[in-house]
2 protein chains.
Amino acid sequence: MQDKLFDFISKYISLSDDEKSTLLSLDIFHSVKKGTTLLKEGQNSKESYFVLKGCIRTYYIIDGEEKTTAFYTEMDALTPHCVLSKAPSEYFISCVEDSFLTVSNSDMEVEINSKFPKFEIMCRKLSEELLAKERFNFDEFKTSSPEQRYLNLLQKRPDLIQRVPQHQLASYLGIKPQSLSRLRARILEKKS
Amino acid sequence: MQDKLFDFISKYISLSDDEKSTLLSLDIFHSVKKGTTLLKEGQNSKESYFVLKGCIRTYYIIDGEEKTTAFYTEMDALTPHCVLSKAPSEYFISCVEDSFLTVSNSDMEVEINSKFPKFEIMCRKLSEELLAKERFNFDEFKTSSPEQRYLNLLQKRPDLIQRVPQHQLASYLGIKPQSLSRLRARILEKKS
DNA sequence: ATAATCCGTTCACTTAAGTTAAGAAATGCG
DNA sequence: CGCATTTCTTAACTTAAGTGAACGGATTAT
């Protein structure tokens, strides 16, 4: 499973065996059970996550209702907003499935980055790439209707629709669960 | 005006006078007239922008209609998706107002980053911060109605509503211009 | 095993956004 | 300056999402 991490890293920089073992010595690999809450609203966490297997989600509680805004699956990285802002978290992070993650601390990252400048380079490339992707996804969201967004998701992340509860998917698509149900029924009708 | 750039940079790293003059020698400062198109769909650009004064926007043309998805104003940085993906651009970038920008080339950035590791650090910090912000904005968008999004914009970027045409604002809010007009009339009614 | 809770779907009704069209106001250009 | 184009608003109508409620089916807890 560690190799998955190294495969991912190799897309950005090349690591020596020495550097690899330094990474492994940090004890960042963790197995997390479905339903576990990794971060709560109001907490001041310094932890970042990288999903090797499984799925985690971020959600807000607004007027007592859960609003899921993002899913992170295999090879997705998440540094919560509160880690950078050093302010209490506005949202929760929880485990959608039994998952295998790397969990790293921002102090630890600062240390590694200063020891291995390579690492700094990887982080820059990765966050630049993720920023561009995030902007693109946001653009797509803005320019399409709920139905188009659902069809788009069906194309791009068909796995999500299988592995995630409908009501979480609904808020991810920016609508209510009932609307998602109706929308799906409408699509099925059209096909026939 | 250059000082504005250095003030911005100083939030992330400290530059020596030597480094400052190296930066200035690169001839990255440009004045751009309102209406100028900086990037066209299909182009393979390597240029990134930083807005010192003015406003630029990204927009798509979908079914012959302009869809504005983002505005970049004072102290905003934009590296277009196509620069990183090295694929033709999916969108246009144009100048909303007469503006003063820095325009930098990705080859130039690679060179600077290798000469000044400090710069690499700044880029990492900046893109991490922007990524967190972008995700937060996306979350807000998903979890609110068009009316809430407009009211939120009124709070957070009141200047935009003044300086940008309504029909561009509308698609930025994910709705049609007619709906924005109606929505504003509705809000005015409520207030009275 | 049974009760309780949660989840997804359906329905009827309300509300708001999309669509089409028309006209007024502002802007740009010859 | 006046004409043309673009932009903004309004209106009537259509379509889709929000709301509240009810129903089975599944999952969880007791």
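Keep in mind that the numbers below use all heavy atoms, side chains included, and drop hydrogens, waters and symmetry copies. So that the names make sense, note that chain A is the first sequence line, chain B the second, and so on, each numbered from 1.
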Check: protein-nucleotides 9-14 of chain C nitrogen or oxygen pairs below 3.5 Å:
residue: C:dT9; atom: OP2; partner: A:S181; partner atom: OG; Å: 2.6
residue: C:dT9; atom: O5'; partner: A:S181; partner atom: OG; Å: 3.2

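- Residues B:K176 and B:L180 form no side-chain contact, since every pair of their non-hydrogen atoms from C-beta on lies 4.5 Å or further apart.
- Rounded to whole Å, the distance from NZ on B:K176 to C1' on C:dA21 is 16 Å.
- The CG atom of B:L183 sits 14 Å away from the C1' atom of D:dT9 (whole-angstrom rounding).
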- Message: Would A:R57 and A:I93 count as a side-chain contact (heavy atoms from CB on, under 4.5 Å) here? Give the steps.
- Response: CA-CA 6 Å; A:R57 61 187 252 264; A:I93 303 178; over 6 Å; no
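- In this structure, the CD atom of B:E66 is 12 Å from the P atom of D:dC8, given to the nearest Å.
- Separation of the A:Y172 and A:F71 ring centroids falls under the 6.0 Å cut-off.
- Taking the six-membered ring wherever Trp is involved, the centroid distance between the rings of A:F138 and B:F141 falls below 6.0 Å.
- Of the two residues contacting DNA chain C, namely B:K34 and B:P146, the nearest-nucleotide position lying further toward the 5' end is that of B:P146.
- When the C1' atom of D:dG18 is taken as reference, atom CD1 of A:I175 falls 11 Å away, rounded to whole Å.
- Nearest approach of B:S99 to B:C55, heavy atoms of both residues: OG-N, 3.1 Å.
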Donor-acceptor contacts, no H, no angles, side chain residues 24-42 of chain A, under 3.5 Å, sequence neighbours left out:
residue: A:S25; atom: OG; partner: A:T22; partner atom: O; Å: 2.6
residue: A:K33; atom: NZ; partner: A:D98; partner atom: OD2; Å: 3.4
residue: A:T36; atom: OG1; partner: A:K33; partner atom: O; Å: 2.5

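- The distance from atom CD of B:E189 to atom P of D:dT9 is 15 Å, rounded to the nearest whole Å.
- An OP1 or OP2 oxygen of C:dC6 is reached within less than 4.0 angstrom by no side-chain nitrogen or oxygen of A:H167.
- Within the structure, every side-chain polar atom (N or O) of A:R186 is placed at least 4.0 Å from both OP1 and OP2 of D:dT15.
- Rounded to an integer number of Å, the gap from A:E65 CD to D:dG18 C1' is 11 Å.
- Between the CG atom of A:D63 and the P atom of D:dG18 there is a distance of 15 Å, given to the nearest Å.
- Spacing between atom OH of B:Y150 and atom P of C:dA17 amounts to 13 Å, rounded to whole angstrom units.
- Heavy-atom minimum distance, B:E66 versus B:I61: CG-CG1, 4.3 Å.
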